[in-house]
Each structure stands twice: as C-alpha cells, then as structure tokens.
Amino acid sequence: LCDPVAYWKLVRFFKDHAPDIVHTHSSKAGILGRFAARAAGVPIVVHTIRGLPFHPSQNVAVRRLYIACERAAARKTDKIVVVSHAMAVQAARAGIGPVDSFRRIFSGFDVDAFANPDPQLRQAFRRQWGADDRSIVVGKVARLFHLKGHADLIEAFSKACRADERLRLVFVGDGVLADPLRKQCHERGIADRVYFQGLVPPGRMPAVYGALDVLAHCSLREGLARVFPQALAAGTPVVAYNTDGADEVVAEQTGGTLIPPGDMKALTARLIGLIENLEERRSAALRGREFVKKHFGLRTMIKALNKLYLELADAKGL
C-alpha cells in the first residue's frame with residue numbers, strides 16, 4: 001500500500017535533482033525506481049540483479065506477478081548488471097532479456113581487509129565459540145531464514161561430529177528461524193557444539209572469516225553469495241551447494257567444493273573430508289585469494305561500472 005506513495009516521492013526527487021543516471025538495486029527498489037526514473041525523464045537507467053525475486057518454490061501467482069513486473073521494468077532500463085552469469089541465464093529464461101544483453105560485474109569489497117584480519121580479534125572470536133587450537137570450526141554466514149540451508153548443515157554436522165570430537169559449528173547472523181534451529185540442535189544432541197553468534201558489525205567480519213576453519217554455505221537460492229569471495233580472501237576453504245552463481249567462484253583450485261543441493265550424504269562426507277585434509281584445503285583457499293583480488297577488488301568493480309556509465313552516456317549523447 002505504501003508503493004504508490006514511494007513511487008511519487010521518487011518521481012519528485014528525480015525531477016528536483018535531475019540526475020543523469022539512476023542505478024537501482026534489489027527487486028522492490030528496482031521496480032519502483034526504474035519506473036519513477038523514466039517518468040521523471042532521467043536519461044540513463046541502470047539496474048543490478050543480485051538475486052531474482054521469483055523462484056520455483058513460490059506460489060504460482062506470486063511468481064508470475066514478479067516475472068511480469070521484472071519484464072516491464074526491464075523495458076525501462078538501459079542496461080541490467082548481474083553479479084553472476086547464472087543470474088543472466090535465469091533472467092533470460094524468464095523473458096526479461098537475452099543473455100548477452102546483461103553485463104556481469106562482480107560485487108567488489110575491500111579484499112585486503114579480509115586477507116589481513118586483526119589476529120587478536122580472531123582469537124577472541126574463537127574463545128567466544130569455545131574453540132581452542134585443536135578445534136575445527138565450521139561456520140555459516142547468512143540470515144537465519146528459509147532456503148538458506150541451516151537445517152541441512154545441522155543434519156550433516158550432527159553426523160560429522162561422530163567422526164571427530166574437535167568439530168564446532170558457528171552460525172553468524174540472525175533471523176526468524178533462530179529458535180527452530182536451536183531446537184533442532186538440541187534434538188540432535190549437538191547444542192553444546194553449536195554457537196549462535198548473531199549479528200556482527202561489518203568491520204569485524206574479516207576477523208570472523210579468519211577465525212573459521214571452513215565456511216559451509218548450503219543455500220538453495222543465491223545470486224552469487226558474497227560469503228564465497230570473502231571467505232576465500234581470508235584463506236578459508238568453502239563447502240557449498242552448487243546453486244546459481246556458486247560455480248563462478250567456488251572450485252577445487254580455489255579451495256572450494258560444490259555439492260548437489262540437498263545431497264546430505266555428500267555434504268557430510270565433504271565436511272569429514274575437509275577435517276582429514278584441512279591443510280591442503282587451506283593452501284588451495286590461499287590460491288583462491290589471488291582469484292578474488294583480481295575479480296572482486298573494489299577498484300575492479302568501480303572501473304567496470306564507470307566504463308558502463310561512460311558507454312551509456314556516450315550512446316545518449318550526454
């Protein structure tokens with residue numbers, strides 16, 4: 001019900017400030033923002049798809065509505081940026097545009113901050129999690145929400161625990177599933193090995209990744225999870241479900257392992273395998289750091305976006 005008010009406020013804002021370019025992010029802001037920008041006469045409209053708002057598990061009517069809205073908004077857009085090639089493929093299948101009409105630009109971040117975390121803060125996090133030098137900490141960084149795969153990880157972890165008593169599991173993030181997940185841990189008899197960290201300030205996240213021995217990400221739906229390059233920047237090996245853009249970053253040569261979504265046997269086996277071969281995985285993850293520096297640095301992203309803006313401005317004669 002607030003959408004029409006937001007739309008007209010955006011139209012008025014764009015008319016008052018007369019920007020040359022409006023660049024929108026996320027589905028709701030992208031739909032309202034692009035329509036408002038065009039209505040206000042903004043010359044160039046760009047949108048970034050980080051994750052599509054529709055997916056197979058949705059109600060059919062809701063899914064069709066989102067697809068219709070995204071198709072309509074695409075017609076108001078000069079260029080759509082995607083954070084992974086997988087997003088371009090999925091958008092093309094939904095009729096939003098041809099695959100080659102999208103521009104892939106990885107979402108950049110301060111790689112050096114993750115490569116050089118505060119060692120004291122790193123140790124402080126491990127102590128907080130009840131982990132000593134012998135402990136092997138598996139962590140997941142994500143909202144405690146549906147389709148993020150926390151329940152799958154708990155099931156696999158409960159089995160892997162039987163193979164090695166040094167294992168610990170940490171969930172970083174908060175959300176509506178916190179209580180059900182805690183209950184699941186109690187039911188599986190692993191509550192004493194699982195730590196719910198909650199939210200962590202962004203400036204402390206490099207130390208969190210540095211404190212983990214393995215990052216496990218069992219999400220069933222992601223554009224391109226930012227946790228992948230951040231973990232690799234910290235030299236932390238990754239285990240993940242092979243969904244959406246995961247295979248564009250996670251690979252054996254970068255210290256990562258991809259598993260078919262929902263394959264609990266493979267997930268459990270991989271966790272156990274990492275325990276037995278952790279040093280090799282860490283070495284591979286350190287090699288992955290070079291890949292991340294090349295493709296996910298802030299300067300790399302800024303240059304790519306600047307190039308796109310100048311191309312569009314030149315085409316419009318601005």
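Everything numeric in this text was worked out from a predicted model, so none of it was measured.
With rounding to the nearest 0.5 angstrom, the CG atom of L258 is 12.5 Å from the OH atom of Y241. To the nearest 0.5 angstrom, E165 atom CD is 6.0 Å from R134 atom CZ. Atom OG of S158 is separated from atom CD of E187 by 11.5 Å, given to the nearest 0.5 angstrom. With rounding to the nearest 0.5 Å, the separation of CG in L169 from CG in L153 is 5.0 Å. Here L121 contributes atom CG and Q123 contributes atom CD; the two are 10.5 Å apart, rounded to the nearest 0.5 Å.
Counting only N and O atoms by type, the side chains of T300 and H295 include no donor and acceptor under 3.5 Å apart.
Shown here for L267 and D152, the closest heavy-atom pair between the two residues is CD2-O, 4.0 Å. Shown here for R226 and S107, the closest heavy-atom pair between the two residues is NH1-OG, 2.6 Å. What you find for A131 and V137 is that their closest heavy atoms are CB-CG2, 3.6 Å. Of all the heavy atoms in S27 and P53, the pair that sits closest is OG-CG, 3.2 Å. Here the closest non-hydrogen pair linking A92 and V99 is CB-CG2, 3.4 Å. Among all heavy-atom pairs drawn from S219 and K140, the shortest one is N-NZ, 4.1 Å.
Remark: R193 fails to qualify as a cation-pi partner of F157 under the 6.0 Å distance and 45° angle criteria applied to the six-membered ring.
Residues satisfying the side chain to side chain donor-acceptor pair (under 3.5 Å) test with H146, not counting sequence neighbours, are none. The ring-ring contact (aromatic ring centres under 6.0 Å, His included) test applied to H47 returns no partner, not counting sequence neighbours.
Using bins of under 30°, 30° to 60° and over 60° for the plane-to-plane angle, the ring pair F106/F296 lands in the parallel bin.
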Verdict with supporting geometry, L144 and F196, side-chain contact (heavy atoms from CB on, under 4.5 Å) = CA-CA 10 Å; L144 307 183; F196 286 79; 4.2 Å; yes

Determine, stepwise, if the pair R104 / M87 fulfils side-chain contact (heavy atoms from CB on, under 4.5 Å).
-> CA-CA 9 Å; R104 186 183 75 169; M87 288 294 95; over 6 Å; no

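Using a 4.0 Å cut-off between charged side-chain N and carboxylate O, D213 and R126 make a salt bridge. R168 and D132 are not joined by a salt bridge, as no carboxylate oxygen comes within less than 4.0 angstrom of a charged side-chain nitrogen. In summary, D78 and K316 engage in a salt bridge, as defined by a charged side-chain N under 4.0 Å from a carboxylate O.
By the 4.5 Å heavy-atom criterion applied to side chains, L232 and R289 are not counted as neighbours. Side-chain contact check for V172 versus M205: some heavy-atom pair is nearer than 4.5 Å. When side chains are defined from C-beta on, V194 does not count as touching R188, because their heavy atoms never get closer than 4.5 Å. Proximity of Y209 to L215: side-chain heavy atoms (C-beta onward) are separated by under 4.5 Å at one or more points. Counting only heavy atoms from C-beta outward, the side chains of W129 and Q197 approach each other to under 4.5 Å.
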